[in-house]
Amino acid sequence: MKREINLSTKLHFDELVDSAISLYKNNFKYFLTIMAFFYVPAIVVLMLFSVSMSSEYTHMLQAIHQPAPNPNAVIGIISKLMQYAFLFFAIYMLMGTLAGAAVVKGTEVKLSGGSASEKVVSLMALKKTIPLVVTSLIASVMMGVGVLFCIVPFFILAVYLIYIAQAIMLEDTWGFGAIGRSFTITSGNFWATILIPLVFYLAYFFISSLISYAILFTPYMNMIREIIGNQGQTDPEFFTRFYSENIWLFIIQTITMNVLFILLSPILSITLTLKYLNIRNLKEGTSLANAIQEEKRLDM
């Protein structure tokens with residue numbers, strides 16, 4: 001990197017991001033290999049599910065647009081699509097959680113000058129599967145309760161729970177211990193913490209939108225042109241035919257978005273880890289120094 005990261009002094013947002021990008025850039029292969037360890041299987045599953053779901057989705061559209069659709073057949077197809085979606089969502093969330101945890105550990109390794117390989121770091125995250133899943137489930141329940149009261153508590157809790165992976169991977173705690181640790185680190189640093197994921201996701205959605213428009217622009221323009229040419233009228237098979245003709249573009253677009261996320265998400269995990277370590281050093285390092293100073297004063 002251009003300069004050594006000093007986590008004992010307060011790092012502002014621009015310094016954190018600059019340090020995270022530098023660390024990622026100088027260890028790009030290392031972090032990308034970690035991400036691939038978890039996401040390549042997830043993408044393979046995504047492709048298989050996409051092909052299976054696309055055919056089921058086409059069948060659903062065809063069933064709906066029949067002159068006398070069979071409600072039981074439509075409900076059965078929708079149920080199958082929901083099962084596909086839930087199963088993939090569960091697998092994808094698990095792989096994403098493990099990948100993020102591995103990047104957290106990899107960040108600590110690189111900062112300390114350690115020599116743990118990508119495989120070793122990935123296996124460390126795999127060994128923490130149960131603590132990560134259990135703690136994430138507890139956090140999800142807490143945020144779910146926040147949604148019941150109002151959407152604002154949900155987002156507040158999401159910020160206070162954002163350092164769970166860091167607490168588990170760096171301090172070997174989990175469950176309510178990791179949740180409490182995340183609350184402690186975030187306390188007094190709420191706005192500095194929320195700014196990190198906010199800027200990241202705004203940037204990600206902007207870039208992903210540009211790519212999506214580039215992939216799907218022509219099909220949608222042809223669809224709009226055809227609708228205008230028919231004076232706004234479409235036959236019942238119009239959208240079914242449009243989806244069937246462009247199914248592979250939708251699959252390519254979905255995979256591209258996932259690849260983009262794989263490439264960019266380490267920056268978020270690294271930045272949050274640097275922030276976690278920086279806050280911890282400032283809070284606990286200062287407290288330790290004050291305690292030593294007070295002890296010296298009492299001994300005088």
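Positions are given from 1 along the sequence.
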Next on the checklist: Measuring from atom CG of L216 to atom CE of M221, what distance do you get when rounded to the nearest 0.5 angstrom?
Outcome noted: 13.0 Å
Checklist entry - Could you give the distance from CD1 (I196) to CG (L272), rounded to the nearest 0.5 Å? => result 5.0 Å
Checklist entry - D18 side chain to D14 main-chain N or O, any donor-acceptor pair under 3.5 Å? => result no
Item to check | Considering all heavy atoms, the nearest P197-T193 contact | outcome: CD-O, 2.9 Å
Checklist entry - Does OH in Y213 sit with more than 12 non-hydrogen atoms of other residues, nucleotides or ligands closer than 6.0 Å? => result no
Checklist entry - Do you know the tightest heavy-atom contact between Y24 and I270? => result CB-CD1, 3.9 Å
Item to check | ring pair (Phe, Tyr, Trp, His ring centres under 6.0 Å) contacts touching residues 249-268 (sequence neighbours left out) | outcome: Y204-F261, Y243-F250
Next on the checklist: Applying a strict under-4.5 Å side-chain criterion to I, L, V, M, F, W and Y, I'd like to know whether F89 and V133 cluster together.
Outcome noted: no
Next on the checklist: Donor-acceptor pair, distance only, cut-off 3.5 Å: does the side chain of T186 make one with the backbone of N189?
Outcome noted: no
Item to check | Approximate separation, where rounding is to 0.5 Å, of I215 CD1 and L210 CG | outcome: 11.5 Å
Checklist entry - Got a donor-acceptor contact below 3.5 angstrom from the S212 side chain to the S209 backbone? => result no
Next on the checklist: Closer than 3.5 angstrom, by distance alone: can the side chain of S112 be matched with the main-chain N or O of V109 as a donor-acceptor pair?
Outcome noted: yes
Item to check | For S269 against Q166, the heavy-atom pair lying closest together | outcome: O-NE2, 3.9 Å
Can you give me every donor-acceptor pair (side chain of residues 141-154, partner residue at least two apart or in another chain, under 3.5 Å) with its distance?
none

Checklist outcome for this item: Separation between CG (L161) and CD1 (I179), nearest 0.5 Å, reads 6.0 Å
Item to check | same_hphob_cluster(I252, F217) at 4.5 Å side-chain heavy-atom cutoff | outcome: no
Item to check | Steps toward side-chain contact (heavy atoms from CB on, under 4.5 Å) verdict (L123, L126) | outcome: CA-CA 5 Å; L123 290 175; L126 276 176; 3.9 Å; yes
Next on the checklist: Can you tell me if L137 has over 12 outside heavy atoms packed within less than 6.0 Å of its CG?
Outcome noted: yes
Item to check | Smallest separation among heavy atoms of L274 and L7, with atom names | outcome: O-CD2, 3.8 Å
Checklist entry - Are I138 and F155 grouped together when hydrophobic residues (ILVMFWY) are joined by side-chain heavy atoms under 4.5 angstrom apart? => result yes
Checklist outcome for this item: Students should find that the hydrophobic cluster of F86, defined by side-chain heavy atoms under 4.5 Å apart, otherwise consists of none
Next on the checklist: Hydrophobic cluster membership, with links at side-chain heavy-atom distances under 4.5 Å among I/L/V/M/F/W/Y: are W191 and L202 in one?
Outcome noted: no
Next on the checklist: If we ignore hydrogens and angles and just use 3.5 Å, is the side chain of K283 paired with the main-chain N or O of T184 as donor and acceptor?
Outcome noted: yes
Checklist entry - So how far is it from I211 CD1 to M257 CE, rounded to the nearest 0.5 Å? => result 4.5 Å
Checklist entry - Is the NZ or CZ atom of K119 positioned over F37's six-membered ring, under 6.0 angstrom from the centre and within 45° of the axis? => result no
Checklist entry - In Å, rounded to the nearest 0.5 Å, how long is the span from CZ of F13 to CG of L198? => result 8.5 Å
Item to check | Nearest non-hydrogen partners of A116 and Y30, listed with the distance | outcome: O-OH, 2.9 Å
Checklist entry - Taking it one step at a time, do T273 and L111 satisfy side-chain contact (heavy atoms from CB on, under 4.5 Å)? => result CA-CA 11 Å; T273 303; L111 287 173; 5.5 Å; no
Item to check | Closest contact, heavy atoms only, M35 versus S265 | outcome: CE-OG, 3.0 Å
Checklist entry - Going by the ring pair (Phe, Tyr, Trp, His ring centres under 6.0 Å) test, which pairs reach into residues 160-186, not counting sequence neighbours? => result Y160-F183, Y160-F190, Y163-Y276
Checklist entry - Going by heavy atoms in the side chains, are R280 and K275 under 4.5 Å from each other? => result no
Checklist entry - Which pairs pass side chain to side chain donor-acceptor pair (under 3.5 Å) with one or both residues in residues 122-150, sequence neighbours excluded? => result K128-D172
Checklist entry - Does K10 come within less than 4.0 Å of E15, counting only side-chain N to carboxylate O? => result no
Checklist entry - Could you go step by step and tell me if T218 and N222 meet the side-chain contact (heavy atoms from CB on, under 4.5 Å) rule? => result CA-CA 6 Å; T218 301; N222 291 337; 3.6 Å; yes
Solution key, residues 94-106 side-chain donor-acceptor pairs under 3.5 Å, sequence neighbours excluded:
residue : atom : partner : partner atom : Å
T97     : OG1  : M93     : O            : 2.8
K105    : NZ   : E108    : OE1          : 2.8

Next on the checklist: Walk me through whether T9 and N6 qualify under side-chain contact (heavy atoms from CB on, under 4.5 Å).
Outcome noted: CA-CA 6 Å; T9 60; N6 185 1; 3.5 Å; yes
